[in-house]
Amino acid sequence: MSSKNKNQFHEIDQKWQSRWEKNSPYKALNPGDPGFDPQKKTYYVLDMFPYPSGSGLHVGHASGYIGTDIIARKKRMEGFNVLHPMGWDAFGLPAEQYALQTGQNPRTTTDVNSTNFRQQMKKMALSYDWSREIDTSKPDYYQWTQWIFLQLFKKGLVYRKEMYVWWCEDLKTVLANEEVINGRSERGNFPCERRPLTQWVFKITEYAERLLSDLDLLDWPASIKKQQADWIGKSNGAEIDFQIFGSKNKIKVFTTRPDTLFGVSALVLAPEHPLVASLIADSHRSNVQSYLKKSSAKSDRERKADVDDVSGEFLGTYVEHPLLENQKIPIWIADYVLVDYGTGAVMSVPAHDERDFKLAKKCQLPILPVVKKNLEEVPSTATCFDGDGILIRSGRFDGLTSEQARIQITQALEEKKLGQAKVSYKIRDWIFSRQRYWGEPFPVSFNQAGVPVPVQESELPVLLPDMKDFSPSADGSAPLARLEDWVEYLDPQTGEKKFRSTDTMPGWAGSCWYYLRFMDPKNPDQFVSDQAKNYWHQVDLYVGGAAHAVMHLLYARFWHKALFDLGLVPTPEPFKKLFNQGMVTAYAFKDPTGRLIPSDEVQQLGPNKYAHKTTGVAAEKIIAKMAKSLRNVVNPDDVIAERGCDTFRLYEMFMGPLDSEKPWADEGISGCEKFLKRVLIYFLQENGETKPEMTADAPAANAVDRSLNKCLKRIDESFENFNFNTAVAALMECMNELMTVAAAGAGKQKNWMNQSQAEFFLKMLFPLAPHVASELWEKLGHAQGLDFASWPKLDAAKLVDTQFELVLQINGKIRKKVMVAMTIDQAGAMELAHSQLQEFLQGKSIRKIIFVPQRLLNLVVS
RNA sequence: GCCCCGGUGGCGAAAUUGGUAGACGCACAGGACUUAAAAUCCUGGGCUUCGGUUAAACGGGCGUGCCAGUUCAAGUCUGGCCCGGGGCACCA
């Protein structure tokens, strides 16, 4: 055991962590704070704050936090005023579920869990400004969540509406569209169903266009931008009115293909379309009613599963074609038409739409091709062509391209007042009510007429009342509805009887604006002061997992834009640069049937041979998510306890690029530990003091300067790209070179670094391994910590080597490698080639010479 | 089905953006130190039913998922295919 060295790291860890705890060097100063320096530029680097779960942080969460910590530390050294805060996303379903399961109050569990998280983070030496810690479930925070809600309510962005919403019976609450994936809850994977309910709803659709187009302003991963764009789902097209035959009424449809208007063979409505009832001909009533019955019985899932088997029913009534005289088009209903997209009705063009084609095939509707791929093509009714082409059988529009026809046909419809160009979006308004306990109460009450009225700002916060039994009600009503004394009250201003809204806000509410509160977390009078928000502006770098692509990241952008429009924030977007860290996975095992076996039930029999301990069944080693059930979760506390914090931080970064998924392997960590031990050995004498040569007046070896600058160049690039693995490699390589240079010295006169070189090295080491770097920095005689020491500047002149290895190639194949002077030119290289490559040149003539300075010489011969 | 991203030694990975593939590290093997072990240090390593040699040194050939192409030169560029991961999927 290397107990001596391990203790060495632990002592260093504890010494510096308690010093940082005492001095709080990472406190960010706001304008007006004592010691504030207005000259400094700002940098706001933020982690997605966690929900403090009962199971604590695992090494996967840590990777993103360590990445931002490295950036924060380097930015401080570069002279920025760095805002790097942390807090708890404490309201919401997971916290409430956990409390219910453990039979505790969510207030208690939240406090216990966040205390645990904070301690874990401090052990990792994450340089947060803990004086800014926030908890979204505390009244001094959520009073401002409620205040912002009120501002958005007054702006007309919130409404109450009975609508078809996703209801989750297991969670006993309504969920947002974004929270339901393939008909199951994002949280817990429970089945959900559609129900008509009256809910609080945010008009996020009003911001659809800006949420889409402002993605261009953002330095975000392309995949996240694309997911948001897909979710918003913009399509350009036209709205067309079809006159109901024998009636004054019209049916509106939305289409992206007005160019196919002359190929319409039916008008198809969603079964839930409000006009359906009035359009059924008596002769068809029984058939239609049985179809309606069948389709309403189907769940959303079943309707989706029926994609390949479309069905529909003729209503027995007709509409008129808007551009063709005396053309009757039958009206149908069909499952595949969705009531809540577009207008809930489509014009069916079987020749040019896959689903319409299927319906036509099944129900013998005419297939009328009106677009052909090219001039030569003979249109066929056997297949469906959904691309653009050239119009036929479309009267005066024949011969136009699809693109031209879309414009001209839309114009023709506009002239007849039967249509217009229209943009449609997939995104729906945001259902904001939850029938659960652990969330912000709404700051809106109902008067006796049932009209929602905002509470006075002076009445905020509307406190979440204590409840012993806060479990969801069986009938789907909110738990708060059981508190009759709380619900019903007399308005203190008017004396009027009022009723509180008994739903609570979803977990997303607090996270929609927390990054603003961090700018001014203790302000009792405002959600954030003008001075603070105009100083910090917006988050410069935001790091977190990709899972939030269309939930938190879309909701927060929406709130922020609404606040921007109200003049309450200075920027149109909250997060300038976004970076997604990759998941840290772990090895797990599965048996031949594919079932996963917990790691602690597996024994190793040989290289790559594993089996179940008790049953002896062969096990295969695979890579899987860390999960309690697989018992493959790695806790950072354990790793730190065994190896020290700096080793842990280095290894987290050394495993691979921050954005890629990588498996945690315990064996690999020893390399990082060895590196840090080598650093100590290099710097320190037997007595624990730094090497006597590390003084200001010791001569500086050129080879050392070269190594240091080479290393710095790689570290700067690595931090820029979040490939921290190459920064660790650069430091290791640099240390190896320094050792070699030192060993080359004769006898006791080793070539150690002098003081300024040693300081250069420690500055580079500090963001990654702050404890060891700080300790050695102090031993070099510094009373001030490294936290604000200036980041080294690259000296390009010091990078220059005198010699390099010139590669000599014949026809692209490497034949010789020769050490030559950096300055060698083509003539010099040719001279060398003639003497070194004689055997390859004999009897051949040189056709071409390629000389790449400071790299290679390639001769093409034949 | 459509759209992204990826595929490099036994393993995690690197490669100045077209210029020495495998840096750095793990695991492994051999050696030093030690009574021994641990720790530490040194050395080695892509493959090869090719030549060479007692063995080595050395040399040849092949090699970044597969097939073709562009180029003096391809992990890197182009086209096609296979595999893995992620996203979207009745959106009219």
Side-chain angles (χ1 to χ4, degrees), chain A residues 1-5 182 221-224 226-227 229-231 233-235 237 253-257 260 268 270 303-308 310 334-338 340-349 352-356 358 386 424-428 546 549-550 583 587 607-608 621 623 650-651 654-657 659-672 674-675 677-678 681 713-714 717 723 725-736 739 743 804-814 816-817 847-852 854-861:
Chain A
M1 289 296 286
S2 61
S3 55
K4 191 180 156 216
N5 283 326
N182 289 329
S223 65
I224 301 285
K226 195 180 171 299
Q227 279 184 61
D230 283 349
W231 188 261
K234 178 179 182 175
S235 33
V253 306
F254 172 74
T255 179
T256 55
R257 294 296 303 274
T260 63
V268 186
R303 272 175 79 161
K304 276 195 175 157
D306 284 348
V307 177
D308 293 327
V310 297
D335 263 354
Y336 74 85
V337 179
L338 306 173
D340 55 0
Y341 179 75
T343 62
V346 302
M347 60 180 213
S348 178
V349 185
H352 304 295
D353 180 277
E354 200 65 48
R355 297 147 302 170
D356 296 345
K358 281 180 188 158
D386 61 8
S424 185
Y425 300 90
K426 279 201 275 186
I427 191 171
R428 308 295 147 78
V550 287
M583 212 194 330
Y587 293 108
N608 283 316
K621 191 170 169 180
I623 287 168
L650 281 175
Y651 184 57
F654 188 57
M655 287 190 292
D659 57 354
S660 61
E661 181 185 308
K662 56 239 157 198
W664 179 276
D666 273 325
E667 314 85 75
I669 199 168
S670 61
C672 293
K674 271 189 232 171
F675 162 70
K677 284 183 187 166
R678 280 158 66 86
I681 288 166
K713 186 160 181 275
R714 289 176 64 188
E717 284 164 5
N723 302 327
N725 53 328
T726 59
V728 180
L731 283 165
M732 287 173 168
E733 212 170 329
C734 182
M735 186 38 62
N736 291 347
M739 290 277 203
F804 77 100
E805 195 176 44
L806 178 73
V807 173
L808 300 174
Q809 296 182 331
I810 301 285
N811 293 340
K813 285 199 194 314
I814 298 159
K816 284 265 156 56
K817 298 173 189 175
R847 303 284 172 199
K848 197 167 176 183
I849 300 169
I850 295 109
F851 177 70
V852 185
Q854 304 187 6
R855 197 141 293 164
L856 57 78
L857 177 76
N858 185 15
L859 302 180
V860 184
V861 305

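In what follows, every chain begins at residue 1, and chains take the letters A, B, ... in the order their sequences are listed.
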Contacts under 3.5 Å, N or O only, protein and nucleotides 21-23 of chain B:
unit_1, atom_1, unit_2, atom_2, d
B/A23, O2', A/E733, OE1, 3.3
B/A23, O2', A/E733, OE2, 3.2

Return the set of residues passing salt bridge (Lys or Arg N to Asp or Glu O under 4.0 Å) with A/K713 (not counting sequence neighbours), or none when no residue passes.
A/E717
Could you check whether A/E354 gets within reach of a base, just the sugar-phosphate, or nothing at all, counting any heavy atom under 4.0 Å?
nothing
By side chain to side chain contact (heavy atoms under 4.5 Å, CB included) - contacts of A/E733 (at least two apart):
A/R714, A/E737
Taking the P atom in each of B/G80 and B/C5, what is the distance between them to the nearest angstrom?
15 Å
Whether A/N858 contacts B/U20 is assessed here as follows: a side-chain N or O lying under 4.0 Å from the phosphate OP1 or OP2. Is that the case?
no
Using the P atom as the point on both nucleotides, what is the distance between B/G60 and B/G51, in whole Å?
15 Å
Each nucleotide N or O in nucleotides 16-18 of chain B that has a protein N or O under 3.5 Å away: list the pair and distance.
unit_1, atom_1, unit_2, atom_2, d
B/U16, O2, A/R855, NH2, 3.3
B/U16, N3, A/R855, NH2, 3.1

A/R847: partners by side-chain hydrogen bond (donor to acceptor under 3.5 Å, both in side chains), with sequence neighbours left out:
A/S845, A/S862
Listed partners of A/Y587 passing side-chain hydrogen bond (donor to acceptor under 3.5 Å, both in side chains), at least two apart:
none
List for me each residue that meets salt bridge (Lys or Arg N to Asp or Glu O under 4.0 Å) alongside A/K816, sequence neighbours excluded, and say none if there are none.
A/E839
Please give the distance between the P atoms of B/C28 and B/C82 as a whole number of Å.
40 Å
Find the distance between CG (A/L859) and CD1 (A/I849) and round it off to the nearest 0.5 Å.
6.0 Å
When rounded to the nearest Å, what value does the distance between C1' atoms of B/C33 and B/C47 take?
36 Å
Write out a two-atom table: protein N or O, nucleotide N or O from nucleotides 26-33 of chain B, distance below 3.5 Å.
unit_1, atom_1, unit_2, atom_2, d
B/C26, OP1, A/K674, NZ, 3.0
B/C26, O3', A/E667, O, 3.4

Considering residues at least two apart in sequence or located in another chain, which fulfil the salt bridge (Lys or Arg N to Asp or Glu O under 4.0 Å) criterion with A/K234?
A/E209
Has A/Y336 got a side-chain N or O lying under 4.0 Å from the OP1 or OP2 atom of B/A92?
no
For the side chain of A/D230 and the base of B/C88, is some donor closer than 3.5 Å to an acceptor across the two?
no
Whole angstroms only, please: what is the CG-P distance between A/L731 and B/A14?
16 Å
Output field dot_bracket for RNA chain B (Watson-Crick or G-U, both distances under 3.5 Å, | for other-strand pairs) contains (((((((..(((......[....))).(((((.......))))).(((.((......)))))..(((((..]....))))))))))))....
Taking the P atom of each, how far is B/C72 from B/A14, in whole Å?
32 Å
Residues in side-chain hydrogen bond (donor to acceptor under 3.5 Å, both in side chains) contact with A/K662, at least two apart in sequence or another chain:
none
Please enumerate all residues that pass side-chain hydrogen bond (donor to acceptor under 3.5 Å, both in side chains) together with A/D340, with sequence neighbours excluded.
A/R428
